Amino acid sequence: MKHWLLAVGCWLLAVGAQAINLKEFLPVGTTSETAIIVCPGGSYFWLDDEVEGDSVARSLTQNGIAAYVLRYRTGGVVPFITHSRLVIPGHQHPMPLNDVQEAMRQVRQKGYRRVGVMGFSAGGHLSLSAAIFGRGELRPDFIAPCYPVVTMSHPCVHKRSRRGLLGEWRKHSRQLRDSLSLEKHVTDDMPPVFLMNCVDDPIVDYRNSELMDSALTAHHVSHRYIQYRTGGHGFGTTWSKTSEEASHWFAEFLAWLRELKD
């Protein structure tokens, strides 16, 4: 029994100390003053590495922006299926937040003038968390949460993401739910926000973004909110996966980013 407990303890220490997985994408033939950390979605259980990760990064580099895809720690497919985190906690909050903050630190060290975070779905929740809970060099200069998970306590919560982030036991904690319901923690000094979602999103209730828009407006945070009637969920910059209407979001984001620069 003692040896088993020691093994579990060593495993948990190793999990907590895991180095981040940050993949660099640089524009060809130009030096960018701006870098964006890209956080794919996946309900805090897995990551959509291609559509909401590498593909988005390539779209950014094609527009002269350096990109860094963060493969932050998630609950995992096996724990999702087996509920194994009832016994072994595995990956859960605050590990994803720790990862994006370490990514901020590493990318800052490369000397970019501006570093932002773009996130999709659960990755959108992570991008908002980076802006809300980050301080100093760990706080992004801007964020772009796209069809994001926002709340952990409102009736429109995405329950799978809540379970993925908080774990099998802690998902029941009202205090923890409230602490990570990001609409409740917006501050006046938040960095600028580009927020986008679709009303017909079949995965994350569109009201998540409306909650965030209302909170940002109440705190007079500089932001742009674009809500499309159609477009669904999980499309990133892969236009075959969304509507013609929602396919304009990336151009709108680039225009917004240029305005920030000016």
Side-chain angles (χ1 to χ4, degrees), residues 20-43 46-72 99-100 103-104 106-108 110 112-128 130-131 140-149 191-198 200-201 203-204 209 223-228 230-262:
I20 64 168
N21 186 331
L22 195 61
K23 187 175 180 180
E24 183 179 66
F25 292 77
L26 299 178
V28 177
T30 185
T31 300
S32 177
E33 293 185 341
T34 300
I36 296 179
I37 297 167
V38 180
C39 300
S43 305
W46 47 79
L47 297 175
D48 187 349
D49 288 331
E50 176 55 33
V51 172
E52 296 177 343
D54 293 3
S55 180
V56 171
R58 290 190 290 269
S59 296
L60 289 168
T61 60
Q62 288 165 9
N63 286 275
I65 301 169
Y68 294 82
V69 177
L70 175 62
R71 290 173 170 83
Y72 56 92
D99 288 349
V100 75
M104 282 295 306
Q106 290 187 19
V107 176
R108 289 270 192 216
K110 296 178 182 291
Y112 294 102
R113 190 172 68 84
R114 297 187 305 177
V115 180
V117 180
M118 174 180 286
F120 300 86
S121 194
H125 184 274
L126 187 55
S127 71
L128 285 160
D141 296 310
F142 62 88
I143 60 170
C146 302
Y147 43 84
V149 173
V193 180
F194 179 90
L195 177 65
M196 177 275 291
N197 77 322
C198 304
D200 68 346
D201 190 325
I203 306 298
V204 175
S209 290
H223 72 289
R224 181 168 186 196
Y225 176 36
I226 301 179
Q227 183 185 86
Y228 297 107
T230 63
H233 188 89
F235 46 86
T237 56
T238 303
W239 309 130
S240 61
K241 292 182 175 290
T242 190
S243 66
E244 191 278 334
E245 177 190 17
S247 68
H248 295 290
W249 84 263
F250 191 65
E252 295 283 0
F253 165 73
L254 293 174
W256 175 82
L257 192 61
R258 285 192 296 271
E259 291 171 5
L260 285 187
K261 188 173 182 180
D262 297 338

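Note that the numbering runs from 1 along the sequence shown for the chain. Bear in mind that the values here come from a model prediction, so they are computed numbers and not experimental data.
In this structure, the separation between OG on Ser247 and CD on Glu252 is 10.5 Å, given to the nearest 0.5 Å. Note: Asn21 CG to Leu47 CG = 9.0 Å, rounded to the nearest 0.5 Å. Expressed to the nearest 0.5 Å, how far CZ of Phe25 lies from CG of Leu60 amounts to 10.0 Å. Rounding to the nearest 0.5 Å gives a distance of 13.0 Å between OH of Tyr228 and CG of Asp200. Separating the NZ atom in Lys23 from the CG atom in Asp49 is a distance of 8.5 Å, to the nearest 0.5 Å. Atom CD1 of Ile226 and atom OG of Ser209 lie 11.5 Å apart (nearest 0.5 Å).
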Task: side chain to side chain contact (heavy atoms under 4.5 Å, CB included) between Val56 and Phe120, intermediate numbers included - done: CA-CA 10 Å; Val56 171; Phe120 300 86; 3.7 Å; yes
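Here His223 pairs with nothing under the ring pair (Phe, Tyr, Trp, His ring centres under 6.0 Å) rule; sequence neighbours left out.
Considering only heavy atoms from C-beta on, Gln106 stays 4.5 Å or farther from Tyr68 through its side chain. The shortest side-chain heavy-atom distance between Leu70 and Val100 falls under the 4.5 Å cut-off. The shortest side-chain heavy-atom distance between Val28 and Thr61 does not fall under the 4.5 Å cut-off. Annotation: side chain of Trp249 is in contact with side chain of Phe235 (closest heavy-atom distance under 4.5 Å). Within the 4.5 Å cutoff, no side-chain heavy atoms of Leu26 are placed close to those of Ser32. Val117 places none of its side-chain heavy atoms less than 4.5 Å from the side chain of Leu126.
What you find for Ala131 and Pro191 is that their closest heavy atoms are CB-CG, 3.8 Å. The shortest heavy-atom contact between Pro148 and Met196 is CD-O, 3.8 Å. The shortest non-hydrogen separation linking Gly234 to Lys241 is O-CD, 4.2 Å. The two residues Asp141 and Arg113 have their closest heavy-atom pair at OD2-O, 4.0 Å. The nearest pair of heavy atoms linking Val193 to Pro145 is CG1-CD, 3.8 Å. Closest non-hydrogen pair, Cys146 versus Met118, comes out as SG-CG, 4.5 Å.
A salt bridge is defined here as a Lys NZ or Arg NE, NH1 or NH2 lying under 4.0 Å from an Asp or Glu carboxylate O, and Glu259 with Arg224 fails to meet this definition.
No side-chain donor-acceptor contact under 3.5 Å links Asp48 to the backbone of Gly53. At least one donor-acceptor pair closer than 3.5 Å links the side chain of Tyr72 to the backbone N or O of Pro40.
Between Trp256 and Phe142, the ring planes lie perpendicular to each other; the angle is over 60°, past the 30° to 60° tilted range.
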